[in-house]
K.L.:
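The structure's right below; bear with me while I get my questions together.
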2 protein chains.
Amino acid sequence: MFSKACEYGIRAMIYIGQQSADFGRRVGLKDIAAEIDSPEAFTAKVLQGLVRQQLVTSVKGPTGGFELTPEQLRTVTLKQIVVAIDGPDILQGCALGLPQCSAKQPCPMHFQFLPIRDQLNELLRTHTIGELAGKVHDGLAFLKR
Amino acid sequence: MFSKACEYGIRAMIYIGQQSADFGRRVGLKDIAAEIDSPEAFTAKVLQGLVRQQLVTSVKGPTGGFELTPEQLRTVTLKQIVVAIDGPDILQGCALGLPQCSAKQPCPMHFQFLPIRDQLNELLRTHTIGELAGKVHDGLAFLKR
DNA sequence: CAAATACCGGACAAAAATGTCCGGTAATAA
DNA sequence: TTATTACCGGACATTTTTGTCCGGTATTTG
Ligand code: FES
Ligand code: FES
């Protein structure tokens, strides 16, 4: 479904968001990698990209780390993260790999697949990091194991 | 979503099925690759695997090629093909890559993601190759362009 | 039987994804 | 100011996926 990079990116964002929302605390790479069970250096690469796209904020030096501003917590969606890392293909590409997904020249799965893909779009579009971080805070969801 | 191998595999199977159902005609690799716009040698590899799993039948020598028996047309589903090529992960794996998808230890997307994944399961489980080949026959669906 | 055909199987090659390392830079704190 | 901290950026390494090649084998036709 998603690439490893994307999985790590989402999990990292939710963890950063949870720490920012609950404690106003910045988190370092080592901390993140440990809490979401991901390779540290690779996760760094993924987060660097998200910082460039301003989906997350980073601060260098002692007491530095990653954080999500209240605005980012409220506005950054799963869709933005997925598109930033994996590109828009999963949101609009053909299930069977045809170069164009269209109702004019549909693949045999098109009309059955479309509603499913649309629901995925809706899921990604309507869920913010702040919302998902809340579940982790409440002990209703987990980021590893 | 699916790997390239899986996309080629499904498209090839539908084309083979359409030719078997409509004309009782075996099709060769060159023909298949041209009709579904896929790399010939790579498609061969994918089909070899499906032959081993008896999802499609192959015959060597002149007049040989690939075909689907009436039974295969009726019973082989998208799910069987996807699992044979990509494995069961897309049908049961966690959206965020947790080693186990479970409601006991759910990731933050679990309860929203589950119904979508279930619908995909249902789509793959309930559609046979014969059924999809029929759409191509009727000009309602296409395997390239 | 002999020749031609077409899938089979394994080795090989290229590209992409995943993962690591290390020096550079900016920020903090003593 | 100086030392320390922690992200940044690029190069490098490994693994997986994608794709190619070629001789072998089975089958058909003459
Ligand atoms: S054309 Fe294949 S999903 Fe739309
Ligand atoms: S635990 Fe992640 S989808 Fe079920």
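Note on naming: letters A, B, ... go to the chains in the order of the sequence lines (proteins, then strands), and numbering restarts at 1 for each one.
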K.L.:
Test of understanding: clusters of I, L, V, M, F, W, Y form through side-chain heavy atoms closer than 4.5 Å, transitively. Do Met1(B) and Phe2(A) belong to the same one?
P.N.:
yes
K.L.:
Separation of Leu29(A) atom CG from dG19(C) atom P, in whole Å?
P.N.:
14 Å
K.L.:
Looking at side-chain heavy atoms only, is the closest gap between Leu68(A) and Arg74(A) below 4.5 Å?
P.N.:
no
K.L.:
Is any side-chain heavy atom of Arg117(B) closer than 4.5 Å to a side-chain heavy atom of Cys101(B)?
P.N.:
yes
K.L.:
State whether a side-chain donor-acceptor pair under 3.5 Å links Gln100(A) with Gln105(A).
P.N.:
no
K.L.:
Specify the residues of residues 40-49 of chain B, ordered by number, for which at least one heavy atom lies under 4.0 angstrom from an atom of DNA chain D.
P.N.:
Ala41(B), Phe42(B), Lys45(B)
K.L.:
Take atom CG of Asp86(B) and atom C1' of dT18(D), then tell me their distance rounded to the nearest Å.
P.N.:
13 Å
K.L.:
Under 4.0 angstrom, heavy atoms only, what part of the nucleic acid is Arg52(B) near: base, sugar-phosphate, or nothing?
P.N.:
sugar-phosphate
K.L.:
Find the distance Ile36(A):CD1 to dG19(C):P and express it as a whole number of Å.
P.N.:
12 Å
K.L.:
Ignoring backbone atoms, test whether Ser58(B) places a side-chain nitrogen or oxygen under 4.0 Å from the OP1 or OP2 oxygen of dC8(C).
P.N.:
yes
K.L.:
Report the residue (Val51(A) or Pro62(B)) whose heavy-atom-nearest nucleotide on DNA chain D is the more 5′ of the two.
P.N.:
Val51(A)
K.L.:
Do Leu78(B) and Phe142(B) share a hydrophobic cluster (ILVMFWY, side-chain heavy atoms under 4.5 Å, transitive)?
P.N.:
no
K.L.:
Verify the distance criterion only: is there a donor paired with an acceptor across the side chains of Thr43(B) and Ser38(B) at less than 3.5 Å?
P.N.:
yes
K.L.:
Between Lys30(B) (NZ) and dC7(C) (P), how many Å, whole number?
P.N.:
10 Å
K.L.:
Is there a path of hydrophobic side-chain contacts, each under 4.5 Å between heavy atoms of I, L, V, M, F, W or Y residues, that connects Ile14(B) with Leu98(A)?
P.N.:
no
K.L.:
Membership question, hydrophobic clusters at under 4.5 Å side-chain separation (ILVMFWY): are Val59(B) and Val46(B) in the same one?
P.N.:
no
K.L.:
Within this structure, what is the CD1-to-P distance between Ile85(A) and dT18(C), rounded to whole angstrom?
P.N.:
11 Å
K.L.:
With Gln80(A), which of Ile85(A), Leu55(A), Leu50(A) fulfils side-chain contact (heavy atoms from CB on, under 4.5 Å)?
P.N.:
Leu55(A)
K.L.:
Heavy-atom nearest nucleotide on DNA chain D for Lys60(B) versus Gly28(A): which residue maps closer to 5'?
P.N.:
Gly28(A)
K.L.:
Would you mind telling me which residue lines up with the more 5' stretch of DNA chain C, Lys4(A) or Thr63(A), judged by nearest nucleotide?
P.N.:
Lys4(A)
K.L.:
Taking CD from Gln54(A) and P from dC7(D), how many angstroms apart are they, rounded to a whole number?
P.N.:
18 Å
K.L.:
Within this structure, what is the CZ-to-C1' distance between Arg25(B) and dA6(C), rounded to whole angstrom?
P.N.:
17 Å
K.L.:
Residues from residues 6-18 of chain B sitting under 4.0 Å of DNA chain D, heavy atoms only?
P.N.:
Tyr8(B)
K.L.:
May I have the distance from Phe2(B) (atom CZ) to dT18(D) (atom P), rounded to whole angstrom?
P.N.:
13 Å
